[in-house]
Number of protein chains: 2
Amino acid sequence: MTVKYLLENNFKVTSYKKGEVIYEPDMHPKAVYFIKSGRVKMVTVNDDGKEFIQGIFKASEYFGEPALLLNKPYLAYTIATQDTEIIPVRKEEFLKLIEDLKGFSMKLIQTLSNRLFYKSMMLEELANEQAEHRIRTLISYLFKDAAQGEELKITRQQLADMSGLRVETVIRIVKKLASQQEIKLMKGKVVKL
Amino acid sequence: MTVKYLLENNFKVTSYKKGEVIYEPDMHPKAVYFIKSGRVKMVTVNDDGKEFIQGIFKASEYFGEPALLLNKPYLAYTIATQDTEIIPVRKEEFLKLIEDLKGFSMKLIQTLSNRLFYKSMMLEELANEQAEHRIRTLISYLFKDAAQGEELKITRQQLADMSGLRVETVIRIVKKLASQQEIKLMKGKVVKL
DNA sequence: GGCAATTTATGATGCAGATCATACTTTATA
DNA sequence: TATAAAGTATGATCTGCATCATAAATTGCC
C-alpha cells in the first residue's frame, strides 16, 4: 500500500493534534496528504458558520488531490478529528507516483470514482428524501464493511453535518430506528446488528 | 480530442432519439459512452418517482466510467434530452485508451476531479443553503463559461431537478432574481447579463 | 397556421424539520 | 475522583418550501 512505499522511500511524517487544521479554503494546493495514522474530516462552512462534512478520511487514505491536479484553490477545510500523522507529498512527487508507480494511476481513478458514488448517493438523498430515509442510507453506508456488533465512531452531530439535518432531528431518528430494531444503542453509541 | 480519435479509428456511432434511455440503474456496465453530438442527462429516481439530475453531458464529453471501472451496477439513468450520437467504447478498449493514449489517464483524473468539485458544491448547497442561494449558485455555475447575453439551455424544471427544489419555487426565485437585475429574462429564457 | 404539449406563472394552504430552551449522560482531563 | 466538556435527550413553537389548484405563455409539430 502506498503509505508503506512512502515511508520506505523516506518521505517525512508530520504530526497534527486533534482539532488542528491541515488546509483551509482558498489556499493554493501544494501537496497531497497521505494519512499514516489518525482521522481527518473534510468540511465546507457556509456564511452562517454551518458545517457540512464532505468526507472523512482514515489511515492509509489520502486527500487533497482534486484541487492540486486542477490547480484550483481548496473549497474545504481539512481538520484532524484526533491526533494524526500525515505524509505530505508535493505535486511533482505525486505526479511521479502517477507516472512511475505501477497501477497507482488506476487506483487513483477508482478512488475518485468511489467518492463520486458516495456524493451522488448523498445528493440524491439530500435532494429528494426525508430525514429518516437519509439517516438510514447514511448509517448503512457507514456500516457497509463493518461486522455485526461493531459501533459507529461517529457522533449524532457528525451524522447531522453529513446529512444536512440538525442534531436534534438526528437524535430523534436514531432513537426511532433503535426502537424499530434497525440498529442497537449501547451507551448512546450506534451499534450494527 | 478523443471523439475525433475514436472516429478516425473506426469506432461505431449509435443514434438515440430524444427521450431514449442509454442505460438504467442496476444494469451491469459494458461501455463508456462518448458523445459525438447531442445532449444527455444523468438522473436518479427515487421511490416516489422524483428525479434528481446528477449531471448533464454535452458533445465531446463522456459518461459511465466510474461504474465500469469499479465493476458496480449503475445507480442512474442516462437519457438523451435531444437527438444524440454516441460512440460506445467497450471496457477493454477503454482500458487500452487509458494505457496507450498519451495523457488520457491524466485527463480522466481531471474530469473526475471536476465532477467531484461540482458535486461537493451542490452537496454544500443542498445541505445548508436556502432556495434562493441554491439557484444563484447553480445558475452562476451553469453560466461559468458563457458570454454575456447567452441564454440557459435549461428549463425551470431541470433547475428544480438539479437543486432539490420544486418547479414552482424555482419559477418564483428566477422571477425575483430577474426583478433584482441579477439575470435577464427573454421569452421566459434565463439570459446572462 | 392551428392545435397539442410543454413550460412558465400565481395564489392558498399544510407540514416536516428547524429553532429554542432546558436537562440529563457519558467521556475526557486535571 | 471531581468537575468540566462534549454528547445525547425531549418538549414547544415557528417557518420556508412543498403541495395543490388553476391558468397563461411559449414551443413543437402535422
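No hydrogens, no waters, no symmetry mates; every other heavy atom, side chains included, goes into these values. So you know, we letter chains A, B, ... as the sequences are listed, proteins then strands, and number each from 1.
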Quiz item: For the pair made of NZ in Lys153(A) and P in dT26(C), what is the distance, rounded to whole Å?
Solution: 20 Å
Quiz item: With a 3.5 Å cut-off and just heavy-atom distances, do the side chain of Arg134(A) and the base of dG17(C) make a donor-acceptor pair?
Solution: no
Quiz item: If only side-chain N and O atoms of Lys187(A) are considered, is one of them under 4.0 Å from the OP1 or OP2 phosphate oxygen of dG7(D)?
Solution: no
Self-check item: Whole-Å distance separating the NZ atom of Lys189(A) from the P atom of dT26(C)
Solution: 10 Å
Quiz item: Nearest to the side chain of Thr155(B) - dT10(C), dT7(C), dT19(C)?
Solution: dT7(C)
Self-check item: Heavy-atom side-chain contact between Ile35(B) and Lys58(B) under 4.5 Å
Solution: no
Self-check item: Geometric cation-pi criterion, Lys107(B) with Phe104(B): 6.0 Å, 45°
Solution: no
Exercise. Select one nucleotide: of dA18(D), dT19(C), dA9(D), the one nearest the side-chain heavy atoms of Lys175(A).
Key: dA9(D)
Quiz prompt | Identified side-chain contact (heavy atoms from CB on, under 4.5 Å) partner of Ile86(B) from the options Tyr62(B), Phe57(B), Phe63(B) | solution = Phe63(B)
Practice problem: Provide, to the nearest angstrom, the distance between the CD1 atom belonging to Ile171(B) and the P atom belonging to dG16(D). | Solution: 20 Å
Quiz item: OP1, OP2 of dT8(D) versus side-chain N and O of Arg156(A): anything below 4.0 Å?
Solution: yes
Quiz item: Quick one: Lys50(A) NZ to dG17(C) C1', roughly how many Å, whole number?
Solution: 11 Å
Quiz item: Out of dT19(D), dA18(D), dA9(C), which has the shortest distance to the side chain of Arg172(B)?
Solution: dT19(D)
Quiz prompt | Spacing of Lys18(A) atom NZ relative to dA28(C) atom P, expressed in whole Å | solution = 7 Å
Quiz item: Once you round it to whole Å, what is the distance between P of dA18(D) and CG of Asn128(A)?
Solution: 10 Å
Quiz item: Checking all strands, does Glu168(A) fall into the base, sugar-phosphate, or nothing category for heavy-atom contacts under 4.0 angstrom?
Solution: base
Quiz item: Is any side-chain N or O of Arg166(A) under 3.5 Å from a base N or O of dT10(D), one able to act as donor and the other as acceptor?
Solution: no
Practice problem: Please state how far atom CE in Met186(B) lies from atom P in dT27(D), giving the value in whole angstrom units. | Solution: 10 Å
Quiz item: Any side-chain donor paired with an acceptor under 3.5 Å for Glu132(A) and Gln130(A)?
Solution: no
Quiz prompt | Presence of Thr169(B) side-chain N/O under 4.0 Å of dC17(D) phosphate oxygens OP1/OP2 | solution = no
Exercise. Please determine, by modelled atom types, if Asp161(B) and Gln157(B) share a side-chain donor-acceptor pair under 3.5 angstrom.
Key: yes
Quiz item: To the nearest Å, how far apart are Asp161(A) CG and dT8(D) P?
Solution: 12 Å
